[in-house]
Amino acid sequence: MEQLPWLPPHPDLGAAISQTKRMDDPLARLTEAIRLAGYRRDFILTARLDKLVTTGLAEHAAAARLTPLRVALLSSHTMDHLLPAIRVAGLQRRLALSLYVAPYGMYRQALLADDPALNAFAPQLVVLALDARDAPLQVPLQASPAEVEAAVRERVDELRLLWRRARERYAAQVVQQTLVPADPPLFGSFEALVPASPLALIERLNTAIRDAAREDGVLLLDLAWQAAGYGSGLADPVRWHQAKQLISPSLSPLYGDQLARVVAAATGLSRKCLVLDLDNTLWGGVVGDDGVDGIQLGQGSASGEAFLAFQRYAVQLARRGVILAVCSKNDLEVAEAAFAHREMAIERSAVAAFVANWDDKAGNLRRIASLLDIGLDSLVFVDDNPAERDIVRRELPEVAVPELPEDVADYPARLAAAGYFEAASFTADDAGRGRSYALNAERKAALSQASDMDGYLRGLDMVLRATRIGAAERVRSTQLINKTNQFNLTTRRYTEAEMARIADDPRAIALALRLEDKFGDNGLISVVLARPDAAIDTDELLIDSWLMSCRVLGRQVEVAVLEVLAAAAQAAGWRALVGEYRPTERNGMVAEHYPRLGFQQRPAPMGAEREASFWRYELASRAPLNHFIQVQA
Amino acid sequence: MNEKDILAALTQVFHDVFDDDDIVLTAHTTADDIDGWDSQAHVLLIVAAEQRFGIKFRTAELESLKNVGHFVQLIQTKLEGR
């Protein structure tokens with residue numbers, strides 16, 4: 001069975017791995033392994049790729065621009081054979097995963113009985129990989145719905161206790177795997193009408209697990225919903241009886257990918273923007289040749305309906321917060337005119353960046369990323385033309401370019417299967433993101449009309465609202481912390497649980513900041529976490545994290561934020577703020593952030609990182625700050 | 001495929017699974033002779049061989065594998081039975 005069909009095939013991946021194996025420099029080997037992980041691969045090649053990086057992954061993670069993460073796998077089925085595929089899928093998403101596997105079947109003990117090995121590992125993410133054969137519910141086949149309900153409740157309460165342990169002890173994000181039915185039905189189609197039949201029980205249990213996960217901020221690895229993609233490689237009885245494997249080794253690349261994408265989403269590494277080609281991708285035919293009325297789109301022909309269905313899928317993705325962009329070889333006027341076609345599902349105004357010209361697509365994708373202030377590694381590029389896909393992959397390896405099926409009717413399923421946009425949360429702000437990018441375009445237009453910068457900023461009628469981060473702001477704030485790379489002073493990533501731990505400290509000042517202007521609500525745009533720290537003076541408050549969405553750059557928002565923070569800190573009796581800047585490859589734009597705001601450089605405290613610089617801001621003697629933002633704290 | 005061809009193909013499977021091109025197989029090779037051939041690697045070998053030869057082993061057959069010669073014979077029987 002062909003796995004990972006969205007990844008391009010390599011002419012001879014085995015030979016490429018052998019060649020890489022002979023490289024002496026471990027960093028060069030790791031870099032090449034990351035590149036090769038982006039090709040289609042079976043479980044044997046995947047395991048060989050993993051062996052290329054078994055040594056040196058941790059040491060060279062930073063140099064290879066990988067985010068290191070410790071993941072504990074607590075499981076009721078054998079996982080050891082899945083580890084290579086999980087690590088390789090991590091590499092493909094720029095994660096350097098170190099994995100801890102609790103002894104098979106010991107998931108409860110690992111969490112409840114203070115396992116010293118797990119304590120030493122200190123997981124940042126805990127995966128509870130359970131299966132349907134584990135701890136079956138003790139209800140007789142003739143049990144009533146109420147009896148089934150009570151048994152399900154009891155089991156879910158036990159799981160919630162484990163989740164709570166993982167968060168309290170390690171401040172870890174929990175990922176719960178749903179249960180895959182292992183045994184065939186007893187009753188056939190009548191199965192679901194018997195409340196305590198095996199399949200009905202598992203279905204009821206999975207529903208209860210999902211509901212509890214939603215309430216508790218636990219993420220799912222929803223294997224039960226993904227089961228169709230595994231075919232007979234999932235819960236194969238031969239593999240179970242032989243080695244207690246729920247997932248056959250041959251399906252490990254798919255499982256590894258599905259787990260890694262959830263981990264990546266929790267770490268803020270999911271992709272953000274869908275870039276679409278136009279001719280023969282969004283409609284049939286070439287609008288420049290066939291004219292707007294000549295393209296195939298919509299009712300009337302099977303292929304026209306298939307293109308429409310793909311457009312509708314893109315619109316749905318936009319509604320959940322994926323940014324849409326267009327990258328097409330066309331005259332701009334011709335390409336834009338096509339959006340007047342009466343069957344067009346994607347509205348021109350929903351496209352946040354629209355690039356149509358005759359330049360090469362790699363250059364245009366760079367332009368799109370810069371227009372939207374996002375990294376190339378946030379883009380997914382969909383183009384029916386294999387030659388264009390090939391060039392973009394070669395020129396811009398950071399951009400995800402899925403291999404596409406022959407028929408556009410299969411495009412939506414292929415995009416969904418690739419899991420580029422895996423989410424770790426969904427909020428009202430996500431639903432409005434498309435609108436906010438469109439608004440930004442209007443703001444840029446307003447800027448070009450305004451004769452002077454001050455006049456422009458004053459005319460925006462900006463209102464900044466600051467809120468202490470509580471339960472209501474936690475999800476969105478954590479999301480912003482984990483996905484902001486450029487305007488981010490320290491680039492510290494936190495799980496929701498870690499966030500709660502910092503924000504709930506009464507001495508800390510944890511702020512979520514929202515900005516409105518005359519064009520609309522920008523949503524949550526900045527987060528500041530300030531807390532006491534043992535390494536600095538007792539009357540100094542350390543700014544642990546300060547980050548801001550690039551959407552509101554150049555509008556003096558950071559000045560207004562400092563005003564809010566300084567006022568709150570002074571009111572709480574602090575004498576000075578201490579800012580920290582930790583340089584990364586992405587955050588050069590804030591290198592001068594603290595000096596620009598009037599902070600004075602101060603010596604680094606004991607134990608600070610070598611590259612980090614520290615800055616002090618005296619609260620009593622602070623000068624008034626100039627900006628055009630009305631502040632509501 | 002004759003026994004010699006099967007042994008050659010199976011050798012390639014071992015090279016891939018153990019990521020070691022120096023492994024030499026004979027009919028008498030057993031798990032004790034190869035570094036890393038533990039119960040987990042055994043399952044990987046079985047699945048890799050199933051994939052390579054397009055066959056499927058039965059649960060009972062997996063328990064009775066004694067050495068590489070036996071493995072080759074079993075594959076040959078399966079290939080002939082297709």
Side-chain angles (χ1 to χ4, degrees), chain A residues 1-3 12-22 29 33 36 41-55 77-85 88 101 103-104 230-234 236-255, chain B residues 5-25 29-32 34-68 70-72 74-75 77-79 81-82:
Chain A
M1 168 172 176
E2 176 113 276
Q3 287 171 83
D12 192 348
L13 188 55
I17 293 171
S18 299
Q19 210 173 354
T20 309
K21 199 176 158 186
R22 288 192 289 272
R29 207 164 52 226
L36 295 177
R41 48 195 157 71
D42 68 6
F43 78 102
I44 302 168
L45 289 165
T46 300
R48 289 186 61 207
L49 261 175
D50 179 56
K51 286 209 180 86
L52 290 176
V53 299
T54 36
T55 53
H77 50 86
T78 314
M79 296 285 282
D80 296 304
H81 63 298
L82 304 172
L83 306 186
V88 171
V101 187
Y104 153 74
Y230 286 83
S232 60
L234 197 57
D236 176 348
V238 180
R239 296 284 89 82
W240 184 264
H241 299 314
Q242 186 187 20
K244 298 291 171 282
Q245 293 175 346
L246 177 70
I247 292 109
S248 164
S250 59
L251 268 300
S252 63
L254 179 58
Y255 181 84
Chain B
D5 295 337
I6 293 173
L7 184 64
L10 191 61
T11 303
Q12 188 58 50
V13 168
F14 273 66
H15 287 178
D16 287 343
V17 168
F18 292 108
D19 196 31
D20 179 357
D21 290 348
D22 297 332
I23 292 174
V24 179
L25 295 185
T29 308
T30 68
D32 295 336
I34 291 179
D35 237 13
W37 190 351
D38 54 16
S39 60
Q40 195 199 325
H42 189 67
V43 182
L44 297 181
L45 284 171
I46 297 288
V47 178
E50 286 184 342
Q51 179 176 303
R52 168 65 185 79
F53 295 102
I55 54 176
K56 190 127 173 68
F57 297 106
R58 283 186 288 124
T59 315
E61 290 165 344
L62 300 176
E63 287 172 318
S64 62
L65 282 177
K66 300 272 181 283
N67 56 32
V68 167
H70 191 179
F71 206 166
V72 171
L74 186 60
I75 292 167
T77 317
K78 295 254 156 199
L79 287 174
R82 273 196 315 203

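Chain letters run A, B, ... following the sequence lines, proteins first and then strands; every chain starts at 1.
Rounding to the nearest 0.5 Å places NZ of A:Lys21 at 3.5 Å from CG of B:Asp19. Remark: B:Asp16 CG to A:Phe43 CZ distance equals 9.5 Å, nearest 0.5 Å. For the atom pair CD1 (B:Ile46) and OG (A:Ser250), the distance works out to 13.0 Å, reported to the nearest 0.5 Å. Remark: B:Arg52 CZ to A:Ile44 CD1 distance equals 10.5 Å, nearest 0.5 Å. Note that CD of B:Gln40 and CD of A:Gln245 are 7.5 Å apart. Values are rounded to the nearest 0.5 Å.
For A:Asp236, the part lying near chain B is the side chain, with the backbone staying farther off; criterion is any non-hydrogen pair under 4.5 Å. The part of A:Ala243 that comes within reach of chain B is its side chain, from C-beta onward, which places non-hydrogen atoms under 4.5 angstrom from that chain.
Within a 6.0 Å sphere centred on CD of B:Glu61, other residues, nucleotides and ligands contribute more than 12 heavy atoms. Residue-environment remark: CG (B:Asp35) stays at or below the threshold of 12 foreign heavy atoms within 6.0 Å.
Heavy-atom pairs under 4.5 Å with chain B peak, among A:Ser248, A:Ala47, A:Pro249, at A:Pro249.
Contact annotation: the side chain of A:Arg239 approaches that of B:Val47 to within less than 4.5 Å [non-hydrogen atoms, C-beta and beyond]. You'll find the side chain of B:Val43 stays beyond 4.5 Å of the side chain of A:His81, heavy atoms only.
Looking at every heavy atom in both residues, A:Lys51 comes nearest to B:Val17 through NZ-O, 3.4 Å.
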